[in-house]
Amino acid sequence: MNQTLYNYLAIFTAFLVSYLIRVLPLTLIRKPIKNQFLRSFLYYVPYVTLSVMTFPAIVQATQSTAAGIIALIIGVIAAFFGAGLLPTACICCVVVFAAEFFI
C-alpha cells in the first residue's frame, strides 16, 4: 500500500473513532442517567485519567526513580494533611533535590 494513502487512512480512522466516541453518547443518551453505579463510574473517569497520566511522569521525571517515589510519597502525605497545591509542589521539589543530592 502506498505510504501516503496509508497515512491518510490512519488519520481518517483516528478522526472517525475520536468523533464517534464524542458524538454517540450525545445522540443515544437523551435521558438523565439514573443508575447510581454508572453515575459514580462516570464521575471518577476524569480523575482516573489524570492520575494515569500524572503518576508515571512524577516518578520518571527525576534522574533517579527512587527520588521520584520518595517525593510522591511525601507529596501525598503533605496533601493528606491539608497542604495546598503550591506548598505540596514546593515540598516535592525540595524532596527531589535533597534525595538526588544524597542518592
Taking only residues at least two apart or on different chains, which pairs with a member in [range] satisfy ring-ring contact (aromatic ring centres under 6.0 Å, His included)?
range: residues 7-34; result: Phe15-Tyr19
range: residues 84-103; result: none
range: residues 67-96; result: none

Who are the side-chain hydrogen bond (donor to acceptor under 3.5 Å, both in side chains) partners of Arg30, not counting sequence neighbours?
none
Exam field: side chain Arg39 to backbone Ile33, donor-acceptor pair closer than 3.5 Å
yes
Nearest heavy-atom neighbours spanning [X] and [Y]:
X: Ala71; Y: Val95; answer: CA-CG1, 3.7 Å
X: Ala67; Y: Ile103; answer: N-CD1, 4.4 Å
X: Ala83; Y: Pro87; answer: CB-CB, 4.4 Å
X: Cys92; Y: Gly75; answer: SG-CA, 3.5 Å
X: Ala99; Y: Ile70; answer: CB-CD1, 4.5 Å

Rounded to the nearest 0.5 Å, what separates atom [atom1] in [X] from atom [atom2] in [Y]?
X: Thr4; Y: Leu9; atom1: OG1; atom2: CG; result: 12.5 Å
X: Ile21; Y: Leu16; atom1: CD1; atom2: CG; result: 10.0 Å
X: Leu85; Y: Cys90; atom1: CG; atom2: SG; result: 9.5 Å

Quick check on the hydrophobic clustering: are [X] and [Y] connected, directly or via other members, by side-chain heavy-atom contacts under 4.5 Å?
X: Leu28; Y: Val23; answer: yes
X: Phe55; Y: Ile91; answer: no
X: Ile58; Y: Val76; answer: yes

Write out all pairs satisfying side-chain hydrogen bond (donor to acceptor under 3.5 Å, both in side chains) with one or both partners inside residues 43-67, taking only residues at least two apart or from two chains.
none
Identify, with sequence neighbours excluded, every residue that meets ring-ring contact (aromatic ring centres under 6.0 Å, His included) alongside Phe37.
none
More than 12 foreign heavy atoms under 6.0 Å from CG of Leu38: is that the case here?
yes
